[in-house]
Enquirer: 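A single structure is presented below for examination.
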Amino acid sequence: MSGDHTHNDSQIESGSRVNGKSILGPTLFCIKVSECREHKVQIAVIWRRRMEKLGDPIRLPVAGCEQDAHKHKDKHKDKEHRHKDHKKEKERERSKYSNSEHKDLLEKKHRDKEKVKQKDGVDRHKDKERRKEEKMRSLDGKPKKEKENGFASPPRVKSEPDNDGFYHSPKHEKLLKRERDDNDLEFTPKKIKVENDKKAKKRKLEDEEDIKPKKKRKDKKGDVADGKKKGKKEPEEKWKWWEEERYTDGSKWRFLEHKGPVFAPPYEPLPNKVKFYYDGKHFKLSEKAEEVATFFAKMLDHEYTTKDIFRKNFFKDWRKEMTSEEKGKITDLNKCDFNELNDYFKVQSEARKQMSKEQKQRLKEENERLLQEYGFCVMDNHKERIANFRIEPPGLFRGRGDHPKMGMLKRRIRPEDIIINCSKDSKHPKPPPGTKWKEVRHDNKVTWLVSWTENIQGSIKYIMLNPSSRIKGEKDWQKYETARRLKKSVSQIRAQYREDWKSKEMRIRQRSVALYFIDKLALRAGNEKEEGETADTVGCCSLRVEHIKLYPEKDGQEFVVEFDFLGKDSIRYYNKVPVEKRVFKNLQLFMENKQPEDDLFDRLNTSILNKHLQELMDGLTAKVFRTYNASITLQQQLKELTSPEENIPAKILSYNRANRAVAILCNHQRAPPKTFEKSMQNLQTKIDAKKHQLLDAKRELKSAKADAKVRRDEKSKKMVESKKKAVQRIEEQLMKLEVQATDREENKQIALGTSKLNYLDPRISVAWCKKWNVPIEKIYNKTQREKFAWAIDMAEEDYEF
DNA sequence: ACACCCACTTAGTAGCAGGGAA
DNA sequence: TTCCCTGCTACTAAGTGGGTGT
């Protein structure tokens, strides 16, 4: 099949982020594996190797690992027709490494031409809502049918964990129920559309085993009575939205009621004794100017405040808030002394820490009250948690990387800036006394409750629901279903792009090479960005010539491409990958007659690419490859790494390693924890102490043995036994500590959370837990379990991604 | 073919709470 | 009891990708 990539070479090394936040570090570890056909295998090899050396910090020195600090230079100039005048020097130390290749069984599956976008696509079934509702009301839960991703018809009324009628709007209840019976669809031309039957059936067949909810009936009965009330009694009984149908007409809800956002607390002027000095002299600032000054003062210890751009932007915006008198006087930021302000805030935060138990308790309760009041909404008859119900407070913008706007003033959001979205027939949130909302709208085609426009980039910010909500969960589930569909057609797609490497058309060659990178290396799509508005970062389609280097031969491998660029969040991507000759030749071609700052793929952008992908498979976009490759890698790795005889902690270690393989693939980095060195040192101290202890114990054992030899009595024999046990115990403890150290070291710069939360089909993890009897709590914490409730409920141990 | 807008997902980190070690 | 550490959560920036209008 086509996916045969020949070999890979991956590495991980340390590096630093461009904004200087993270530490420059020495090479942490390198991995190199050659001659692997698939990256899954490759990673498995890596880990196996590591496991053999357990206890050995994973530092596999490898030829070809770059240890040198990398200088990252981005020059941005004339790109095609637009130009840029931008130069950047970056120095990063975080690094990167890895790559992937995959090959899957193929099972060619061609999807119907129709779009699956059930949102807008098929819309032939409509419903008569009312009728249905009535009907539903009178019916009981019935068998459901599977829908595209297994959504089935549901119980009709739901129950929720708690809620004493919070926001209960009985009068709407009937209107809110969602359909549960497919049969209705045929007759209901009104609102809820459902994907067309054929498709549904088909998919049903395909996916049935995997997705079918297993315990659907269980709570139906109860639910029927009245969803909202029951929570109290059976807090465990959560609403299983995944057993219900989805809207397929593009609407996101029928009913939405909430209390609006919580605004940032108003500014509290500083006490008089806290003084700001300009040019050595006390200067009393106006309230507005003072507020902005405090934003800066609070950050004094932060590196941001040493950066020129930050200071310049801050000062410019600060001056806008000044009175004309202040403006006249305060003309040089360097003459400003914010130290007293800074000290004041430090004292405050210290005081906060020192608060008595009762005070803390009170604070906590107050927070809880706010949460209860504003932290939930009612969406379609269910109380759902809101993710971010607080409006972002004013402050100084902290862009990541070399952000041209860092330090600018993020202004305070007022009710007049806020757009509220809710149902017409809901109780609308009230603006604070004496104020008005900018607008109240009733758009059920979107999921947000509140929005406003932010002043730094002019983008829109939203208040939306928590990941545990139905609306987010459905989407998440759907995402993994799309990735699974890709699994079925990936081999064909790979064959296709390999074929396209030979195309006569430049644009097709570029497209196919880019796709190869996206697939093999899990690169992001790489939308274009507006220059000067954001940090200079790139993804696949926006790579520039300066971001790659070609080596016909390097470190004993042929056709090596070296990537070195800043990706999302200005995280450096550094990797050296052997590629196929054709790819290599194509790259040479793409680079011909270009300047370093020119686009590598000048005939390609994400929308062209995605349009093409869309033709290959419904719903396919560049990011699906990341999801697919991440999940398939996890599954593969778990198979490779888990050994049945291991105990639970060892299994968890295996899981973490599988997870880590994915994190490496996706380049999920983190700054080494601030306390990393120290805590590592502590651990090392413990290890050393343990080693000494072990030596002592061994010595004692030896002398006990000698003693026993001489004395030959029971007592001394027993002594020998007990010394033996002691040695054993200490050895185990030592081993444990060393494993811990290894694990921690391996994780120093790798963030597992992002992949766990966004890329790994949770059903894989759930199935793995079930299969090996690992409690799910060991893998997912409470929040994560809430987010993945659907997967936990439906995946059985034989689940296959 | 674009530029722009909008909605929504993905991302790393600051700061804190809470649990265990000293 | 205090201290220390770690994991979690909240926060918000920075991506992706669809749609629209020209």
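In the text below, chain A, chain B and the rest are named by the order of the sequence lines, each starting its count at 1.
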Enquirer: Any side-chain N or O of A:Thr621 below 4.0 angstrom from OP1/OP2 of C:dG17?
Expert: yes
Enquirer: Report yes if at least one side-chain N or O of A:His403 is closer than 4.0 Å to OP1 or OP2 of C:dA14; otherwise report no.
Expert: yes
Enquirer: Kindly say if A:Arg626 contacts the phosphate of B:dA11, meaning a side-chain N or O under 4.0 Å from OP1 or OP2.
Expert: yes
Enquirer: Could you measure the distance from the NE2 atom of A:His403 to the OH atom of A:Tyr304? Nearest 0.5 Å is fine.
Expert: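 One finds 9.5 Å between NE2 of A:His403 and OH of A:Tyr304.
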Enquirer: Counting just side-chain N and O atoms, does A:Lys252 come under 4.0 Å of either OP1 or OP2 of B:dC8?
Expert: yes
Enquirer: Would you say A:Lys475 places a side-chain N or O within less than 4.0 Å of OP1 or OP2 belonging to B:dA7?
Expert: no
Enquirer: Less than 4.0 angstrom between a side-chain N/O of A:Arg385 and OP1 or OP2 of C:dA10, yes or no?
Expert: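 Yes, such a contact exists.
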Enquirer: When you measure from the side-chain N and O atoms of A:Tyr759 to the phosphate of B:dA11, is any distance below 4.0 Å, counting only OP1 and OP2?
Expert: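 Indeed, a polar side-chain atom of A:Tyr759 lies that close.
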Enquirer: Please enumerate all protein N or O atoms sitting under 3.5 Å from an N or O of nucleotides 15-22 of chain B, with distances to 0.1 Å.
Expert:
{"from": "B:dG18", "atom 1": "OP1", "to": "A:Lys364", "atom 2": "NZ", "distance (Å)": "3.0"}

Enquirer: Can you name the nearest heavy-atom pair linking A:Ile456 to A:Leu409, along with the distance?
Expert: CD1-O, 3.6 Å
Enquirer: Counting only side-chain N and O atoms of A:Asn388, is one of them less than 4.0 Å from OP1 or OP2 of C:dA10?
Expert: no
Enquirer: On DNA chain B, check which nucleotide each of A:Lys611 and A:Leu757 is closest to and give me the residue with the more 5' one.
Expert: A:Lys611
Enquirer: Look at A:Thr537 and C:dG15 and indicate whether a side-chain polar atom (N or O) is within less than 4.0 Å of OP1 or OP2.
Expert: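 For C:dG15, OP1/OP2 do have a side-chain N/O of A:Thr537 under 4.0 Å.
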Enquirer: So, is A:Lys623 close to the B:dT10 phosphate, meaning a side-chain N or O under 4.0 Å from OP1 or OP2?
Expert: yes
Enquirer: Taking the minimum atom-to-atom distance to the side chain of A:Phe397, which one of C:dT12, C:dA14, B:dC6 wins?
Expert: C:dA14
Enquirer: Could you work out, with side-chain hydrogen bond (donor to acceptor under 3.5 Å, both in side chains) as the rule, every residue matching A:Glu777, not counting sequence neighbours?
Expert: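 Partners of A:Glu777 under the side-chain hydrogen bond (donor to acceptor under 3.5 Å, both in side chains) test: none.
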Enquirer: Can we say A:Glu350 and A:Lys346 salt-bridge, meaning some charged N sits less than 4.0 Å from an Asp/Glu carboxylate O?
Expert: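 No, no charged N to carboxylate O under 4.0 Å.
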Enquirer: Please confirm whether the shortest side-chain N or O distance from A:Thr754 to OP1 or OP2 of B:dG12 is below 4.0 Å.
Expert: yes
Enquirer: Measure from the side chain of A:Lys410, starting at C-beta and using heavy atoms only, and say which of C:dG15, C:dG18, C:dT12 lies closest.
Expert: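 The closest nucleotide is C:dT12.
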Enquirer: Return the nearest nucleotide to the side chain of A:Asn781; candidates are B:dT10, C:dA14, C:dT9.
Expert: C:dT9
Enquirer: Kindly point out which of C:dG18, B:dT9, B:dG12 is positioned nearest to the side chain of A:Lys472?
Expert: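 When the side chain of A:Lys472 is considered, B:dT9 is the closest of C:dG18, B:dT9, B:dG12.
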Enquirer: May I ask you to verify if any side-chain N or O of A:Gln457 is less than 4.0 angstrom from the OP1 or OP2 atom of C:dA13?
Expert: no
Enquirer: Counting only side-chain heavy atoms from C-beta out, which of B:dG12, B:dT13, B:dT9 sits nearest to A:Met464?
Expert: B:dT9
Enquirer: Measure from the side-chain heavy atoms of A:Tyr462 and tell me the nearest of B:dA7, C:dG15, C:dT12.
Expert: B:dA7
Enquirer: Decide yes or no on side chain to side chain contact (heavy atoms under 4.5 Å, CB included) for A:Leu371 and A:Phe376, but give the supporting numbers first.
Expert: CA-CA 7 Å; A:Leu371 173 67; A:Phe376 295 84; 4.2 Å; yes
Enquirer: By the 4.0 Å heavy-atom rule, please label A:Gly526 as base, sugar-phosphate, or nothing.
Expert: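 Answer is sugar-phosphate: A:Gly526 comes under 4.0 Å of backbone atoms only.
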Enquirer: Is the shortest side-chain N/O distance from A:Arg744 to OP1 or OP2 of C:dT6 below 4.0 Å?
Expert: yes
Enquirer: Between C:dT16 and A:Thr606, is there an OP1 or OP2 to side-chain N/O distance shorter than 4.0 Å?
Expert: no
